[in-house]
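To keep things clear, I will list the structure first and then write my remarks on it.
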Number of protein chains: 2
Amino acid sequence: MPRSGSSPKKTVTMRDVARMANVSQSTVSRVLSGVEGGIPIGEETRRRVLEAVEALGYYPNLHAGSLRGQKTFMIAMMIADIGNPFYHPMVRAVQDVAHAHRYDVIIANSDHMREGEERFLESVIRRPVDGVIMVPYHLGEEELELLIERTGAAIVVLGQQIRHPRVDVVFGQDDRAMFEATTWLIQEKGHRRIGFIGVTEEFSAGARRKAAFLHALQQAHLPIEPELFEIGDWSVESGARAVRKFLSLTRPPTAVFAINDLMAIGAMEAAQAQGVHIPDDMAVIGFDDIPQATWVRPRLTTVAQYPAEMGRQMAEALFERIQKEYVGPGRRFEVSCRLVIRESV
Amino acid sequence: MPRSGSSPKKTVTMRDVARMANVSQSTVSRVLSGVEGGIPIGEETRRRVLEAVEALGYYPNLHAGSLRGQKTFMIAMMIADIGNPFYHPMVRAVQDVAHAHRYDVIIANSDHMREGEERFLESVIRRPVDGVIMVPYHLGEEELELLIERTGAAIVVLGQQIRHPRVDVVFGQDDRAMFEATTWLIQEKGHRRIGFIGVTEEFSAGARRKAAFLHALQQAHLPIEPELFEIGDWSVESGARAVRKFLSLTRPPTAVFAINDLMAIGAMEAAQAQGVHIPDDMAVIGFDDIPQATWVRPRLTTVAQYPAEMGRQMAEALFERIQKEYVGPGRRFEVSCRLVIRESV
DNA sequence: GTTCTTTATGCAATCGTATGCGGTAATTCG
DNA sequence: CGAATTACCGCATACGATTGCATAAAGAAC
């Protein structure tokens, strides 16, 4: 039964337009897609077709074009968690660039988990897209290989060491910034016991920042004391938990370095709740410079990353590849970080 | 020329699987889509097919299914701005429900603008999706009519008065909450000059909340003084601007009601910058209860909405329609608000 | 042994669009 | 006036998966 007449969906197709304009469906296609240098179209015909398009309110069905092997006009973006403010400017920047190119954006969360990242890869294979932007913490070259060989999509990745002729990489120089900020804490501010709130080493960014932190300690000939290292999960609550551990030590640290702002804010909250004065009793420094860093009191000293800039870079690199404006080996773009000194140190 | 061998994209299709398993392509389809009650498949055949699928790493191409008139396994969601923390839990909730159903989510920003909302409608017509979730501020029934008649998508809308047999509506009871909170400010807290930071009346939510505010004033027999009404654009900065205007009055208000938390936070910031003590010199109350409301000092008193709950409601209603578990007239769901008293009043 | 089910599989049409190729009419040229 | 261009346009097919219908083989009933 060919769908009862009461059904509301009546898709207007090219054939309908063709019928109304008294031309063939292929002519409609040619008028609309306007191939330069292709078969020319008569003025009269073109006019009739455009009139019919207008009258029927025809919109091309993008799925059909995708199937035919054309562009899908979609890109997919994977981030850890849309709830984390750090990603918002990044997502927004990507969306803006994409929409300027008339592209839609599918957004997926990995929740910082390996399975989440793998699920994303699979979904991209099932639903081909023209481009993929990823902020992975776990997946490396081998895993991306699958994606690369199974899809024609352009690929841009943030923050992973990946060298592949078909993927561009955008890097925040977070390790260098981490080293410099730690050194600043030690040299300029005189801190010699610094608590570190990190994450498990599975996270490449976590491992990288911790290494840079350790490097700075060594450089300053400071001892590495295990009790000053706590593991969080990027969330406000985990920052609070970590600082409570620190405060229960016989000699609490005089400063705390959290590898993201959410944990730093949690640390401040929890410390203040115990009557600790910041920065006098304990200094707190974060990483990211999310907008909320200036909302808390004292305002958070932090290492600024520029997620909007990262997003823009990634999206533009991606579209250069999608539009074939760039073909060639994988590129590397660096987005710098900057120490932003406020009141919490 | 049939694409040179150097090209990286080698899509594995059902035909490849069929060839390998020595069956027809339609048999592969039947094995994979596993129609219950349909034509049965021999054990041996099924095994061969599944082996071939495994060996080739086959994934079905979702675009093809969409074209054939099946589901697209995509929903589209329109919000005002992904940068606004209020939407994050909502987006997240929608994504979670969608992913549980193996659906992808396309997210678009309207930027609070009518054109943005219209652009979204068009994009949904061009790329059919199974469901649409909208948080419109401008579009009403007539505009949605176009969407409804041109697409088979299920539709759920937040916060607009729309009565249509095919769309469900989720409502925050923001008008009632606004009235009650204002009354509380007046009766319990004794404020008689309350500054109101709203938005232009084009926003239905803005108009609704302002009406509720005015209603509360009238109920309390308070005068309506134009100088106590400022127009913002939902952003932190606009809240700051508004409060500076208030402070320049000969008789500044003793309390400020902002219709969202971002503007309230901006108001607090700007007031504090001018040495105004909150809540003693001036009370501030917001709307939404974004997580950051507890990060600022003093902690923000505000009317809590429950965006995660809203998102969940919308998504579940949507999928009930998509899966045809519900067919019937448009439903209305209410999500209540609640006054959260903290330190800023 | 013939006819009728039942079971399992293949064939081919279909969705909406893009495009190579071939065909027709109008135009130009010799 | 006949032939060669040129300008336009339609036919047919491809894209990948779903699905109604036909069909072949096997089994059951007579």
Side-chain angles (χ1 to χ4, degrees), chain A residues 1-3 7 9-19 21-49 53 56 58-73 125-128 150-152, chain B residues 1-3 7 9-19 21-49 52-53 56 58-73 125-128 130 150-152:
Chain A
M1 191 175 60
R3 190 194 293 283
S7 171
K9 170 156 58 178
K10 32 193 159 200
T11 335
V12 178
T13 78
M14 268 195 181
R15 243 174 282 274
D16 300 321
V17 176
R19 193 162 22 238
N22 270 319
V23 295
S24 80
Q25 174 261 327
S26 49
T27 300
V28 177
S29 169
R30 273 188 275 257
V31 169
L32 294 181
S33 46
V35 261
E36 355 57 60
I39 294 176
I41 302 289
E43 253 331 298
E44 160 70 7
T45 309
R46 158 170 281 116
R47 195 184 52 70
R48 281 214 313 280
V49 168
V53 165
L56 293 172
Y58 167 80
Y59 290 96
N61 180 329
L62 286 174
H63 289 310
S66 319
L67 181 57
R68 187 61 224 275
Q70 305 307 110
K71 307 244 172 114
T72 64
F73 289 100
I125 294 176
R126 298 168 63 96
R127 183 195 313 291
R150 292 297 294 280
T151 170
Chain B
M1 190 176 61
R3 190 196 294 279
S7 171
K9 171 156 58 178
K10 32 192 163 202
T11 335
V12 178
T13 79
M14 268 195 178
R15 245 173 280 275
D16 300 322
V17 176
R19 192 161 23 235
N22 269 320
V23 296
S24 81
Q25 178 259 332
S26 52
T27 300
V28 176
S29 169
R30 273 188 275 256
V31 168
L32 294 182
S33 44
V35 262
E36 357 55 63
I39 296 177
I41 302 286
E43 251 333 295
E44 160 70 7
T45 309
R46 156 170 281 114
R47 195 185 51 71
R48 281 214 314 279
V49 168
V53 165
L56 293 171
Y58 167 80
Y59 289 95
N61 181 328
L62 286 174
H63 290 309
S66 323
L67 182 56
R68 187 58 226 272
Q70 304 308 109
K71 308 240 171 121
T72 64
F73 291 100
I125 295 175
R126 299 167 61 95
R127 186 198 310 292
D130 297 347
R150 292 297 295 279
T151 170

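Proteins come first, then strands; the chains are lettered A, B, ... in the order of their sequence lines, and each starts at number 1. We use all heavy atoms of the structure for the numbers below, so side chains are in, but hydrogens, waters and symmetry mates are not.
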If you look at every heavy atom in A:V49 and A:V17, which pair is closest and at what distance?
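That closest heavy-atom pairing would be O-CG1, 4.0 Å.
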Distance from [X] atom [atom1] to [Y] atom [atom2], nearest 0.5 Å?
| X | Y | atom1 | atom2 | value |
| --- | --- | --- | --- | --- |
| B:S66 | B:N61 | OG | CG | 8.0 Å |
| A:I125 | B:L62 | CD1 | CG | 12.0 Å |
| A:R68 | B:L67 | CZ | CG | 12.0 Å |

Using whole Å, what does the distance between atom [atom2] of nucleotide [N] and atom [atom1] of [X] come to?
| X | N | atom1 | atom2 | result |
| --- | --- | --- | --- | --- |
| B:Q25 | C:dT9 | CD | P | 15 Å |
| B:E44 | D:dA25 | CD | P | 18 Å |
| B:R47 | C:dA8 | CZ | P | 16 Å |
| B:F73 | D:dA17 | CZ | C1' | 12 Å |
| A:H63 | C:dT14 | NE2 | C1' | 17 Å |
| B:R48 | C:dT9 | CZ | P | 8 Å |
| A:N61 | C:dA18 | CG | C1' | 13 Å |
| B:D16 | D:dA17 | CG | P | 9 Å |

Between B:T45 and A:R15, who's closer to the 5' end of DNA chain C by nearest nucleotide?
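Between the two, 5'-proximity favours B:T45.
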Side-chain N,O (B:T27) to OP1/OP2 (C:dG10) below 4.0 Å
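For B:T27, the contact criterion (side-chain N or O under 4.0 Å from OP1 or OP2 of C:dG10) is met.
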Does D:dA17 have OP1 or OP2 under 4.0 Å away from a side-chain N or O of B:Y58?
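Yes, B:Y58 has a side-chain N/O under 4.0 Å of OP1/OP2 on D:dA17.
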Any N or O donor-acceptor pair linking the side chain of B:S26 to the base of C:dC11 at under 3.5 Å?
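Yes, the side chain and the base share a sub-3.5 Å donor-acceptor pair.
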Pick base, sugar-phosphate or nothing for [X], based on heavy-atom distances below 4.0 Å to the nucleic acid.
| X | result |
| --- | --- |
| A:S29 | base |
| A:I41 | sugar-phosphate |
| A:V23 | sugar-phosphate |

For B:T27 and B:S24, does a side-chain donor sit closer than 3.5 Å to a side-chain acceptor?
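Judged by distance alone, the side chains do pair up.
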Who pairs with B:T13 by side-chain hydrogen bond (donor to acceptor under 3.5 Å, both in side chains), at least two apart in sequence or on another chain?
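Residues passing side-chain hydrogen bond (donor to acceptor under 3.5 Å, both in side chains) with B:T13: none at all.
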Going by salt bridge (charged side-chain N to carboxylate O under 4.0 Å, His left out), name the residues that satisfy it together with B:R126, two or more places apart in sequence or in a different chain.
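Salt bridge (charged side-chain N to carboxylate O under 4.0 Å, His left out) check on B:R126 returns nothing, list empty.
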For A:E44, check salt bridge (charged side-chain N to carboxylate O under 4.0 Å, His left out) against everything at least two apart and list the hits.
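Partners of A:E44 by the salt bridge (charged side-chain N to carboxylate O under 4.0 Å, His left out) criterion, ordered by chain and then number, come out as A:R47, A:R48.
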I'd like to know if the side chain of B:R127 reaches the main chain of A:T72, judged simply by a donor and an acceptor atom lying under 3.5 Å from each other, with no hydrogens or angles considered.
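Yes, the answer is positive, given that a donor and an acceptor are paired below the 3.5 Å cut-off.
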Compute the bend angle of the helix from C:dG1-D:dC30 to C:dG30-D:dC1 from the end axes (five pairs per end), rounded to 10°.
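So the angle between the two local helix axes works out to 60°.
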Closest-nucleotide mapping onto DNA chain D: is A:G42 or A:L67 further toward the 5' terminus? I mean the 5' end.
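Per heavy-atom nearest nucleotide, the more 5' residue is A:G42.
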Using a cutoff of under 3.5 Å, can you pull out all pairs of nitrogen or oxygen atoms linking the protein to nucleotides 21-25 of chain C, with atom names and distances?
none

Under the rule for ring-ring contact (aromatic ring centres under 6.0 Å, His included), what residues qualify as partners of B:F73, not counting sequence neighbours?
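Scan of B:F73 (ring-ring contact (aromatic ring centres under 6.0 Å, His included), adjacent residues dropped) gives B:Y103.
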